[in-house]
Amino acid sequence: MTVLTAFTNYTKDVIYNFVDSLNKTGFDGRKIVAYYNPEKSIVNYLEKQGWEVLTYPKPKYHINFQRRKEFSDIIVECNLQDEYICCADMRDVYFAKSPSDIKVDFYVQLDTRLTFENHEWNRKTIQKGYPEYYNKLKDKLPFCAGVVIGKGYILKEFFGDFYSTGLSSSFKNIQDVTSGLDQSTFNLLLYTKYRFRWTSQGRYVLHMGNLADNFNIDDYHIYHQYERRKKHQKYVDSLNKKSYI
């Protein structure tokens, strides 16, 4: 298993929970990060924590989109085609268990239990970026692009398609923050070219941004978007005080 992530302009405090929580699980696989606009002190910190730091200049497009091209290239350059890879956001991801336990060829998880048609933000991402596909997707459930896990050869293809598809989207300015480009492209591919290749079965990743209050959040490997609600932040803070290994 390899954990693969990317970031730019974050301080050590921002990435600490991600780095420290992964260490606490006992994870002993490869850890690779694409770091744009690198700062020497942050590179040194990550390398001391066992990370392979691949540095890049300022991304051509917004990092949430640009990183997909780098991920596809890194899988080839680092010979990860036959490895399981956990690709994750960095700022708001917490590891409660080692991702090495997750051996699924292509795993994704829901963003919300509401369809595109009934979830305003996800609906607008498709209507703005891929309006010609809205009727096809409106009754589907949106998946979150923040964490995806799978075999390297599948993710290499997926991320390559992601980049080329996003370049042809209807979003106007993808150099700057383009809300929805990452998520809409992710879902478009899941429900078209890759519709028979992924699974969401398993309590591996929990995206907490749109959870109902009564949802059982115990016993997941990875928690994402936990900082959006005090209840979820408190739960993740409690995980810092005990071991899930």
Side-chain angles (χ1 to χ4, degrees), residues 2-23 27 29-78 80 85-95 99 111 121 125 129 144-149 152 155-156 158-167 169 171-186 189 205 207-209 222-228 233 236:
T2 296
V3 172
L4 179 58
T5 189
F7 76 107
T8 187
N9 300 329
Y10 285 164
T11 63
K12 178 181 173 182
D13 288 344
V14 172
I15 65 175
Y16 178 82
N17 265 1
F18 181 94
V19 173
D20 185 61
S21 67
L22 184 59
N23 287 344
F27 177 76
R30 291 180 76 176
K31 299 180 288 189
I32 302 174
V33 57
Y35 184 11
Y36 300 90
N37 271 347
E39 182 181 319
K40 185 175 181 180
S41 64
I42 303 296
V43 172
N44 291 341
Y45 164 68
L46 287 167
E47 289 179 340
K48 287 179 181 178
Q49 299 298 318
W51 285 83
E52 300 172 49
V53 183
L54 307 180
T55 58
Y56 300 85
K58 181 180 178 180
K60 181 178 181 180
Y61 302 113
H62 188 260
I63 183 174
N64 281 357
F65 176 65
Q66 181 66 40
R67 60 180 175 169
R68 305 300 181 177
K69 181 182 187 303
E70 266 65 76
F71 286 170
S72 185
D73 293 343
I74 288 168
I75 289 168
V76 175
E77 293 164 4
C78 294
L80 301 174
I85 303 173
C86 173
C87 297
D89 289 352
M90 199 172 198
R91 177 185 57 81
D92 56 357
V93 167
Y94 185 94
F95 295 91
D111 180 55
W121 184 78
T125 68
C144 183
V147 183
V148 56
I149 300 168
L155 296 186
K156 174 199 173 296
F158 180 74
F159 291 141
D161 287 337
F162 191 109
Y163 191 71
S164 60
T165 300
L167 289 176
S169 75
F171 287 104
K172 300 301 183 185
N173 180 12
I174 62 175
Q175 283 78 17
D176 300 319
V177 177
T178 304
S179 179
L181 173 61
D182 193 37
Q183 186 96 334
S184 61
T185 307
F186 189 78
L189 288 173
V205 180
H207 302 291
M208 306 177 89
I222 299 169
Y223 293 92
H224 178 221
Q225 300 171 337
Y226 59 87
E227 88 295 355
R228 296 190 183 186
Q233 178 75 60
V236 168

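Positions are given from 1 along the sequence. Everything numeric here is computed off the predicted structure, so don't read it as measured data.
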Interatomic spacing from CD1 in I174 to OG in S169 - rounded to 0.5 Å: 6.0 Å
Could you grab the distance from atom CD1 of I75 to atom SG of C87, nearest 0.5 Å is fine? 5.5 Å
What's the spacing between Y36 OH and K60 NZ if we round to 0.5 Å? 12.5 Å
Is any side-chain heavy atom of I222 closer than 4.5 Å to a side-chain heavy atom of V93? yes
Nearest 0.5 Å, what's the CG-CD distance between L46 and E52? 12.0 Å
Of all residues at least two apart in sequence or in a different chain, which pass the salt bridge (Lys or Arg N to Asp or Glu O under 4.0 Å) check with R68? D182
Minimum side-chain heavy-atom gap V14-M90 below 4.5 Å: no
Heavy-atom pair with the smallest gap, counting every atom of I63 and A6: CD1-C, 4.2 Å
Under the ring-ring contact (aromatic ring centres under 6.0 Å, His included) test against F18, which residue among F95, Y226, Y94 passes? F95
Centres of the F158 and F186 rings: under 6.0 Å? yes
Evaluate the side chain to side chain contact (heavy atoms under 4.5 Å, CB included) criterion for residues T8 and R67: first the C-alpha distance (whole Å), next the side-chain angles of each, then the deciding distance (0.1 Å), finally the verdict. CA-CA 10 Å; T8 187; R67 60 180 175 169; over 6 Å; no
If we count only N and O atoms by modelled type, under 3.5 Å, do the side chains of Q66 and Y56 hold a donor and an acceptor together? no
Does the side chain to side chain contact (heavy atoms under 4.5 Å, CB included) test come out yes or no for L54 and I32, once each step is laid out? CA-CA 7 Å; L54 307 180; I32 302 174; 3.8 Å; yes
T5 versus W51: any side-chain heavy-atom pair under 4.5 Å? yes
Of all heavy-atom pairs linking L80 and I74, the shortest is CD1-O, 4.3 Å
Over all heavy atoms of both residues, which pair between H207 and V147 is shortest? Give the atoms and the distance, please. CE1-N, 3.9 Å
Once you round to the nearest 0.5 Å, how far does OG1 of T185 lie from CZ of F65? 6.5 Å
Heavy atoms, side chains only, cut-off 4.5 Å: are I15 and V33 in contact? no
Taken in chain and number order and not counting sequence neighbours, the residues that satisfy ring pair (Phe, Tyr, Trp, His ring centres under 6.0 Å) with F162 are none
Quick one: CG on N23 to CD on Q49, what's the gap to the nearest 0.5 Å? 5.0 Å
Give me the atom names and distance for the closest heavy-atom approach of C144 to Q183. CA-OE1, 3.6 Å
Atom of R91, atom of E227 and distance for their closest heavy-atom approach: NH1-OE2, 3.1 Å
When you look at NZ of K31, are more than 12 heavy atoms from neighbouring residues, nucleotides or ligands closer to it than 6.0 Å? yes
Residues N37, K58; criterion side chain to side chain contact (heavy atoms under 4.5 Å, CB included); working and verdict: CA-CA 5 Å; N37 271 347; K58 181 180 178 180; 3.8 Å; yes
Is there a side-chain contact between D92 and Q225 (heavy atoms, below 4.5 Å)? yes
Closest heavy-atom contact between S164 and D161? OG-O, 3.1 Å
Could you walk me through whether L155 and F71 pass the side chain to side chain contact (heavy atoms under 4.5 Å, CB included) test, one step at a time? CA-CA 8 Å; L155 296 186; F71 286 170; over 6 Å; no
